[in-house]
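Chain naming here is simple, since letters A, B, ... match the order of the sequence lines and numbering starts at 1 in each.
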Number of protein chains: 2
Amino acid sequence: MEYKKALQKLVEDFKTNFLSSVSLDLAILGFHDGQLKVLLLRWKGTDEWCLPGGRIRHEENLEAAAYRTLRERTGLHEIFLQQFHTFGDVMRYTNFSKQETMAKLGLPDDVTHEIVSRDISVGYYALVEFANAVPTPDFFTEECRWWDIDQVPPLLFDHNDMIKLALKTLRRQLSYQPIGYNLLPDRFTMPDLQQLYETILGQSLDRRNFQKRMLGYNILERLEERKTGGAHKAPYLYRFDKEKYEKALADEILFVG
Amino acid sequence: MEYKKALQKLVEDFKTNFLSSVSLDLAILGFHDGQLKVLLLRWKGTDEWCLPGGRIRHEENLEAAAYRTLRERTGLHEIFLQQFHTFGDVMRYTNFSKQETMAKLGLPDDVTHEIVSRDISVGYYALVEFANAVPTPDFFTEECRWWDIDQVPPLLFDHNDMIKLALKTLRRQLSYQPIGYNLLPDRFTMPDLQQLYETILGQSLDRRNFQKRMLGYNILERLEERKTGGAHKAPYLYRFDKEKYEKALADEILFVG
DNA sequence: TCAAAAGTGTTTAGCCTACACCCATGC
DNA sequence: GCATGGGTGTAGGCTAAACACTTTTGA
């Protein structure tokens, strides 16, 4: 009863304060233990998972709404966020039909069509530092956690497709832009960075060539200190030179409007 | 009076049959006389120009709406159409303020806010064969014609930015995908194709290297026939091998959902 | 002392760039 | 015949890929 009332209120809030027909979905990617992870939400009272999504307030910029949603789900801000595609098929259901999807959500009949209605959804991907994120479910969900990118289950709606396309875009981006600033801790080793690249690209790279290339970008600063405590030879620590990193990004990145 | 009635009716139509808060805009690019052209519309009773735009019907896929709009403005179908960015700032006005824009449009006060309201707009660019298009204005405009891409005047809304970003995306796309199928006539010469590339990239290219590269893609079929009637040595005619061309596209192109 | 990981330079191959001469056509 | 544009191949440079040995550290 409590829940149903809150739900009604939320739907009202949606109708009055947010743009209708448009939403956004986030593929929040993190990196940990040599694995690329994606943040998923589990729908209340079900075993169904989906990407975090959000809506846009009437007087809010699209990009701001994406940042806000990211903040709400992870507590993080000032994060790399990139629009990659806008999804607009009437029936954005790949794993289950609309019928099935509606049934799975277990919503009261009178609000189902408000929640599972026809939306244009703008897809963003974010690269975040795994350790700093505090996964937080939203109203419709009761669990929010990281999944290994290659163990993602069949998701609600067309969210598996979204992840696939986000990855594809990310991989392409890797070829003309530096990456890693928000995916790695402040100080990291060259092997850390290489592992990140290998994980995203899904292939192994030559250590020497990788190092040459990365140093060639001139965005890394080698610290005096080395990483100790490892079982083997102590690797150097590096840090991104924020200014040069931002400049390298700006030289190529599409402006966001 | 007639006009105002029709306008009211249109606004009603918008409200009932189309998604609110979302629209789409097209940068329709054509190629003629060694010039890249873009199709612009002139707003009724003004000297103000803008990109062709459209709205999405409730039961219509986003991509289908883009194709429909393209067809309505040019009579063309089966054309290359590529989503490049979704624009979502609250105030998408770069050349003039919202105040100024509203004044320029010369609409009755009671519908102005319906037409010039806050929208998320999905941007597409299309590559069309100049000669085949039949530019056709829509309800709000009285002229539809090609403009040289580097002589585009200050446009309404953020449409100059849209053109800029469409071109940037197109240029990048050129580096990993073939282009030209819809921009050139069925049969064309290597210099034709080169001129197209040079125009899009805004720089001249080496003839021999260009030819080598294009033939290397293995998507062109050289015909027996040569182009006659020119003032000089008759160049070979080529045709795109549709199948191989599509395959080359598919190998890289983002799927559209 | 052994195993595992990290640091480092050189050689090679492939691709992209630069470049020049001959030929066909219309005027 | 001459001016204009089109057809064609090769040499050099740069970037990217391949590749092996030495050093450090903990167990």
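Counting to the nearest Å, the P atom of D/dG7 and the CG atom of B/L193 are 12 Å from each other. In this structure, B/N209 places its CG atom 19 Å from P of C/dG14, rounding to the nearest Å. Atom NZ in A/K212 sits roughly 10 Å away from atom P in D/dA16 (whole-Å rounding). Atom CZ in A/R208 sits about 13 Å away from atom C1' in C/dA5, given to the nearest Å. One atom, CD of B/Q195, and another, C1' of D/dG5, lie 13 Å apart when rounded to the nearest Å. Regarding A/Y217, its OH atom lies at a distance of 13 Å from the P atom of D/dT15, rounded to whole Å. The distance between atom CE of B/M214 and atom P of C/dC16, rounded to the nearest whole Å, is 11 Å. In this structure, CG of B/D206 is placed 12 Å from C1' of D/dT8, rounded to the nearest angstrom.
Taking the six-membered ring for Trp and thresholds of 30 and 60 degrees, B/W49 and B/W147 have ring planes more than 60 degrees apart, a perpendicular arrangement.
When every heavy atom of A/Q194 is checked against every heavy atom of A/L205, the shortest pair comes out as NE2-O, 2.9 Å.
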Side chain to side chain donor-acceptor pair (under 3.5 Å) between B/N132 and B/E129, worked out: CA-CA 6 Å; B/N132 293 347; B/E129 192 181 337; 3.2 Å; yes
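Within the nucleic acid shown, A/R207 comes within 4.0 Å of at least one base atom, counting heavy atoms only. Across all strands, A/R222 comes closer than 4.0 Å only to sugar-phosphate atoms, never to a base (heavy-atom distances).
The backbone N or O of B/Y245 lies less than 3.5 Å from no partner atom in the side chain of B/Y181, so there is not a single donor-acceptor pair.
Each of B/A234 and A/R213 has a nearest nucleotide on DNA chain D; the 5'-most of these lies closest to B/A234.
Side-chain to base pairing of A/H232 with C/dA5: no donor and acceptor N or O lie closer than 3.5 Å to each other.
You'll find that the side chain of B/A231 is closest to C/dG26, out of C/dA6, C/dG26, D/dT8.
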